[in-house]
Amino acid sequence: MAPIQHEVQPLIRIQVQKREQSSQAGVGGNVELRRGWQRWIGLWTDRPGRQGTIVGNRYVIQELLGMGSYGLTYRCTDIQTGGEVALKEAKPSKGKLAVRLLHREADVLRHLQHPAIPELLHTFTVRRRYYMVTEVVRGQTLEQLIFEQEQQYTERECVELALQLLAPVAHVHSRGYIHGDVRIPNVILREGQVHLIDFGLARRLGEPLLPELKRRIKDVLEPEDEQATPDQDLQDIGHFLLFLLYSSYEPQKGHEPASWQEELQLTPALLELLERLLGLRPPYEGGAEELQCELERLRLLL
Ligand SMILES: Nc1ncnc2c1ncn2[C@@H]1O[C@H](COP(=O)(O)OP(=O)(O)OP(=O)(O)O)[C@@H](O)[C@H]1O
């Protein structure tokens, strides 16, 4: 498969790299030594709970679903209902910021109700650790599908997936928030249906980025990203589409890296849509609704 990361990277707004860069910000002195030390402490303090461990007298850990920058998420059995849930814990090594983000995530999810967004079921604190319980989405993230399963998507399938993703994103906007982190690792596909997860960076429309996060990513933050606007999620859908489209790109022999426009050779209407999403042409003033109409129109052409 094509080296997607490399090809798309120059265009991807810095979100993909935010996490790595954030750990470097403000580090002085012997950077390597300090980083190594922090990594070691992180590995120890963030070691996942074992299978069979009961959390909060109610949730039995079955497996670790994933460890992100600020949280550990487990698939658990709820002893009270017998059902499966996702249990997310703030990453201990990330201290108060991770706990704050998890509280914010639960607060946002409380305001959302959409079939493509996991429902918030419960929050609790045990031994000063905060936990959030949501519906579990059994499936694979688009990141896993593209990079591990080497799944390839046609233009039409990409448009279909973007349309599906737009539904929960539009719902988030209609409730007065932006998701703020619409990326392939935060989109799960289950039985062909898209689900949007990870609301840790969600913000109220117009709300500036948390000062703690701003400090960590000050080198890479674009000024227009500071105040939350729906455009940021739409731009992220543009990057999401690029990742999907590159999944079926095969470089020619002796190929020199070129722009994504040259490499992907897209249907003109799709090219225009992407350029508008990525800020290379006038944006969609009508937000998610206008984008939805455009994608539906495009689907008929492909
Ligand atoms: N409700 C869920 N159902 C199924 N899997 C989930 C769910 N929530 C999270 N996961 C899995 O756990 C991983 C980490 O969860 P999440 O993205 O919420 O953590 P995070 O620390 O906020 O990550 P990030 O670094 O991407 O911000 C996800 O990539 C996904 O694989």
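As the structure lists them, so they are numbered: ligands from 1, and atoms in each ligand from 1. Quick caveat, the model's predicted, so the values are computed rather than measured. By convention here, the first residue in the shown sequence is residue 1.
For atom 9 (C) of ligand 1, the nearest non-hydrogen atom from the set Leu65, Asp198, Thr73, Asp181 belongs to Thr73.
Looking at Ser248, its side chain does come within 3.5 Å of a backbone N or O of Tyr153 through a donor-acceptor pair.
A salt bridge between Arg138 and Glu84 is present, with a side-chain N of the basic residue lying under 4.0 Å from a carboxylate O of the acidic one. Taking a cutoff of 4.0 Å between a charged side-chain nitrogen and a carboxylate oxygen, Arg104 and Asp107 do not qualify as a salt bridge.
By the 30° and 60° cut-offs, the orientation of the rings of Tyr249 relative to Tyr246 is perpendicular.
Of the heavy atoms in Lys91, none comes closer than 4.0 Å to ligand 1. When non-hydrogen atoms are compared, ligand 1 lies under 4.0 Å from the side chain of Ala86 (C-beta onward) but not from its backbone. With a 4.0 Å heavy-atom cut-off, ligand 1 is reached by the backbone of Glu135 but not by any atom from C-beta on. With a 4.0 Å heavy-atom cut-off, ligand 1 is reached by the side chain of Thr134 but not by its N, CA, C or O. Counting heavy atoms under 4.0 Å from ligand 1, residue Asn186 touches it through the side chain alone. At a heavy-atom cutoff of 4.0 Å, ligand 1 is contacted by no atom of Leu101, backbone or side chain.
When each of Leu278, Leu274, Leu244 is checked for a side-chain contact (heavy atoms from CB on, under 4.5 Å) with His239, only Leu278 meets the rule. Among Leu291, Leu196, Ile178, the single residue meeting the side-chain contact (heavy atoms from CB on, under 4.5 Å) criterion with Asp233 is Ile178. The only option from Arg47, Arg128, Arg129 that meets the salt bridge (Lys or Arg N to Asp or Glu O under 4.0 Å) definition with Glu89 turns out to be Arg129.
The ligand atoms of ligand 1 that sit less than 4.0 angstrom from a heavy atom of Pro185 are 29 (O). The contact set between ligand 1 and Arg183, taken as ligand atoms under 4.0 Å from a residue heavy atom, comprises 26 (O). For ligand 1 and Tyr70, the ligand atoms under 4.0 Å from any heavy atom of the residue are 21 (O). Close approach of ligand 1 to Gly71 (heavy-atom distance below 4.0 Å) involves ligand atoms 21 (O). Distances below 4.0 Å separate heavy atoms of Val136 from the following atoms of ligand 1: 3 (N), 4 (C). Near Ile197, the atoms of ligand 1 lying under 4.0 angstrom from a non-hydrogen atom of the residue are 8 (N), 9 (C), 10 (N), 28 (C), 30 (C). Each of the following atoms of ligand 1 lies closer than 4.0 Å to a heavy atom of Ser69: 21 (O), 23 (O), 24 (P), 25 (O).
Remark: ligand 1 and Val137 share an N or O pair separated by less than 3.5 Å (distance only, no angle test). For the pair Ile188 and ligand 1, the shortest N or O to N or O distance does not fall below 3.5 Å. Between Lys88 and ligand 1, a contact under 3.5 Å exists for at least one N or O pair.
Under the ring pair (Phe, Tyr, Trp, His ring centres under 6.0 Å) criterion, Tyr130 pairs with His103, not counting sequence neighbours.
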Before you tell me yes or no, could you show the steps for Leu245 and Leu270 under side chain to side chain contact (heavy atoms under 4.5 Å, CB included), namely the whole-Å CA-CA distance, both residues' side-chain angles and the distance that decides it to 0.1 Å? CA-CA 11 Å; Leu245 289 162; Leu270 177 55; 4.1 Å; yes

Go through it in stages, so that I can follow the logic: the residues are Gln164 and Glu160, the test is side chain to side chain donor-acceptor pair (under 3.5 Å), and I'd like the CA-CA distance, side-chain angles, deciding distance and then a yes or no. CA-CA 6 Å; Gln164 278 197 34; Glu160 288 280 354; 5.4 Å; no

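Heavy atoms of Gly200 stay at 4.0 angstrom or farther from ligand 1. By the 4.0 Å heavy-atom criterion, His195 is excluded from the residues contacting ligand 1.
Tracing side-chain contacts under 4.5 Å through hydrophobic residues (I, L, V, M, F, W, Y), one reaches Val182 starting from Ile146; they form part of the same cluster.
Closest heavy-atom contact between Arg75 and Val136: CG-CG2, 4.4 Å.
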